[in-house]
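We count residues from 1, following the sequence as given. Any value given below was found using the heavy atoms of this structure, including those in side chains, with hydrogens, waters and symmetry copies removed.
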Amino acid sequence: METAGVYRRFAEGEVRGRSAVYEGLALGISEDPGVLALIDGLPVARRQPNLLLAAVRFLGGPVEDYPAFREWVTAHWPRLHTTMLERRTQTNEPGRCATLLPVLAGLPQPLALIEVGASAGLCLYPDRYRYRYDDLPPLGPADGPVLACRTAGPVPIPERPPSVVWRAGVDLNPLDVRSAQDVRWLECLVWPGQPDRLDRLREAVRVARADPPFLVRGDLNRIVRDLVSRVPSGATPVVMHSAVLAYLSPEERDTFVTATRDLPGHWISNEAPHVLPSVAARLPRPIPRHRATFVLSLDGHPLALTDPHGGSMEWLTP
């Protein structure tokens with residue numbers, strides 16, 4: 001897809017109804033040959049709307065008005081270009097734990113969590129967050145950040161969070177919750193107009209700073225087997241990921257899926273439907289490509305449709 005189409009789809013299919021600021025900017029970019037030409041000078045993997053818009057905010061650029069945005073991007077392109085090559089789209093949304101929780105709690109306890117594409121590792125703490133599903137009583141530690149999730153269908157909501165005795169992650173560029181700059185980058189990846197997400201992120205950072213995660217820098221296909229081998233005896237290994245595999249080539253995804261299926265324990269994926277065709281083929285009904293929805297699966301079997309940021313989930317029935 002041409003860059004203009006990518007930005008238009010982002011505006012209409014991802015941020016519409018979620019961030020009016022980003023919708024306006026993305027639509028403006030999609031119709032601006034000058035800005036599109038600058039973006040097209042980047043490697044394909046670095047042209048993503050989230051990356052550009054977060055980098056502008058990270059560098060202090062304006063985002064409320066498209067003409068001002070365009071002028072700033074044009075004038076500061078060398079700095080922006082460098083930042084987009086140095087940084088990655090590493091949205092670390094702890095709210096996704098609300099959609100992972102029913103699966104994690106149903107596995108043999110205790111768990112050893114291994115997250116691929118972990119960013120700063122904020123999704124490695126499902127046992128330390130507090131959850132509110134619909135109008136049910138909250139569950140989880142009283143002092144944990146509250147993650148709210150609307151449900152549909154027979155979601156197996158647990159009585160308590162899972163027991164996690166070991167947690168680790170791998171990322172090409174792991175972020176450090178103790179670094180002010182890394183945390184600021186995470187904050188810039190939260191879309192404007194979503195104060196609840198920003199507050200949730202900051203609370204999750206507080207949790208992680210009290211017990212920083214073990215994160216390994218490297219390629220997930222090279223590291224994940226070693227991390228599984230380190231799991232303490234008696235714990236169930238769980239390899240998990242959310243909004244990660246889309247950044248891999250189809251060949252890299254196939255390698256990951258094949259390797260993960262051969263590992264002990266379980267595999268939880270939470271990705272857009274087109275990312276894992278073998279999972280999508282098992283869905284009871286097709287999901288429109290333009291719909292911003294993830295498929296939550298366990299060991300390759302789809303279980304639910306989830307909001308990309310964890311705000312809702314629909315449990316599937318065969």
Side-chain angles (χ1 to χ4, degrees), residues 1-59 61-91 93 117 172-173 185 188-194 241-254 256 271-277 279-281 286-295 307-309:
M1 180 181 293
E2 293 185 352
T3 305
V6 170
Y7 278 75
R8 188 176 304 109
R9 188 174 69 181
F10 177 76
E12 297 173 351
E14 295 190 46
V15 294
R16 179 163 291 174
R18 297 169 182 250
S19 175
V21 170
Y22 270 12
E23 181 184 354
L25 292 180
L27 286 174
I29 292 167
S30 73
E31 299 171 355
D32 191 325
V35 174
L36 289 170
L38 293 174
I39 297 171
D40 282 337
L42 289 159
V44 173
R46 303 294 179 152
R47 299 175 190 172
Q48 310 106 308
N50 265 334
L51 181 59
L52 170 66
L53 298 173
V56 170
R57 295 170 64 203
F58 187 70
L59 295 175
V63 295
E64 298 294 335
D65 174 75
Y66 187 75
F69 170 86
R70 184 191 193 283
E71 181 180 356
W72 188 94
V73 167
T74 304
H76 296 83
W77 183 250
R79 289 176 62 211
L80 188 56
H81 182 278
T82 298
T83 300
M84 292 177 70
L85 291 179
E86 292 176 345
R87 292 283 178 176
R88 296 175 180 271
T89 303
Q90 293 177 281
T91 302
E93 177 50 72
L172 288 173
N173 181 42
W185 175 247
C188 288
L189 288 166
V190 175
W191 301 341
Q194 297 187 319
H241 52 87
S242 189
V244 171
L245 298 192
Y247 297 101
L248 274 62
S249 69
E251 295 75 20
E252 290 170 327
R253 291 178 215 166
D254 289 345
F256 173 77
E271 303 282 352
H274 69 278
V275 172
L276 291 172
V279 173
I287 308 300
R289 188 177 175 90
H290 67 273
R291 181 179 171 186
T293 301
F294 285 176
V295 178
D307 172 75
H309 297 144

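Centroid-to-centroid, the aromatic rings of Phe10 and Tyr7 stay 6.0 Å apart or farther.
Put simply, the side chain of Arg16 reaches to within 4.5 Å of the side chain of Leu27, judged on heavy atoms. Side-chain contact between Leu276 and Val295: absent, with no pair of heavy atoms (C-beta onward) separated by less than 4.5 Å. Taking the side chain as every heavy atom from C-beta outward, Phe256 and His241 approach each other to under 4.5 Å. Under the 4.5 Å side-chain criterion, counting only non-hydrogen atoms from C-beta, Leu85 is in contact with Pro43. Side-chain contact between Tyr66 and Asp32 is present, with at least one heavy-atom pair separated by less than 4.5 Å. Between Arg46 and Arg88, the closest side-chain pair of non-hydrogen atoms falls below 4.5 Å. Under the 4.5 Å side-chain criterion, counting only non-hydrogen atoms from C-beta, Val21 is not in contact with Phe69. Using a 4.5 Å heavy-atom threshold, the side chains of Val73 and Val56 count as touching.
Interatomic distance, Leu42 CG to Leu51 CG, rounded to the nearest 0.5 Å: 8.0 Å. Atom OG1 of Thr3 is separated from atom CZ of Arg8 by 11.0 Å, given to the nearest 0.5 angstrom. Separation of atoms CG (Asn50) and OG1 (Thr91) is listed at 5.0 Å; rounding is to 0.5 Å. The structure places CZ of Arg79 at 14.0 Å from CE of Met84, a figure rounded to the nearest 0.5 Å. In this structure, Thr74 OG1 and Glu71 CD are separated by 8.0 Å, a value rounded to the nearest 0.5 Å. Expressed to the nearest 0.5 Å, how far OG1 of Thr89 lies from CH2 of Trp185 amounts to 6.5 Å.
The heavy-atom pair separating His309 from Arg18 by the smallest distance is ND1-NH1, 3.9 Å. Minimum interatomic distance between Pro67 and Asp65 (heavy atoms only, all atoms of both residues): CD-OD2, 3.2 Å. Taking every heavy atom of both residues into account, Ala54 and Cys188 meet most closely at CB-O, 3.5 Å. Closest non-hydrogen pair, Leu36 versus Ile29, comes out as CG-O, 3.2 Å. When all heavy atoms of Ala280 and Pro273 are compared, the closest pair comes out as CB-O, 3.3 Å.
Of the possible donor and acceptor atoms, one in the side chain of Arg57 sits under 3.5 Å from a partner among the backbone N and O of Val190. Remark: the backbone N or O of Asp40 is paired with a side-chain donor or acceptor of Arg47 at under 3.5 angstrom. When atom types are taken as modelled, the side chain of Glu271 and the backbone of Val244 share a donor-acceptor pair closer than 3.5 angstrom. In this structure, the side chain of Ser19 does not engage the main chain of Gly193 through any donor-acceptor pair within 3.5 Å. The main-chain N or O of Val35 is never found under 3.5 Å from a side-chain atom of Trp77 such that the two would form a donor-acceptor pair. Here the side chain of Arg87 pairs no donor or acceptor atom with the backbone of Ala55 at under 3.5 angstrom. One N or O on the side chain of His76 and one on the backbone of Trp72 form a donor-acceptor pair closer than 3.5 Å.
Heavy atoms from other residues, nucleotides or ligands lying under 6.0 Å from CD of Glu252 number more than 12.
Relative ring orientation between Tyr22 and Trp191 is described as tilted, the plane-to-plane angle lying within the 30° to 60° band.
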**Asked** Where do Val63 and Leu53 land on the side chain to side chain contact (heavy atoms under 4.5 Å, CB included) test, with the steps shown first?
**Response** CA-CA 8 Å; Val63 295; Leu53 298 173; 5.7 Å; no
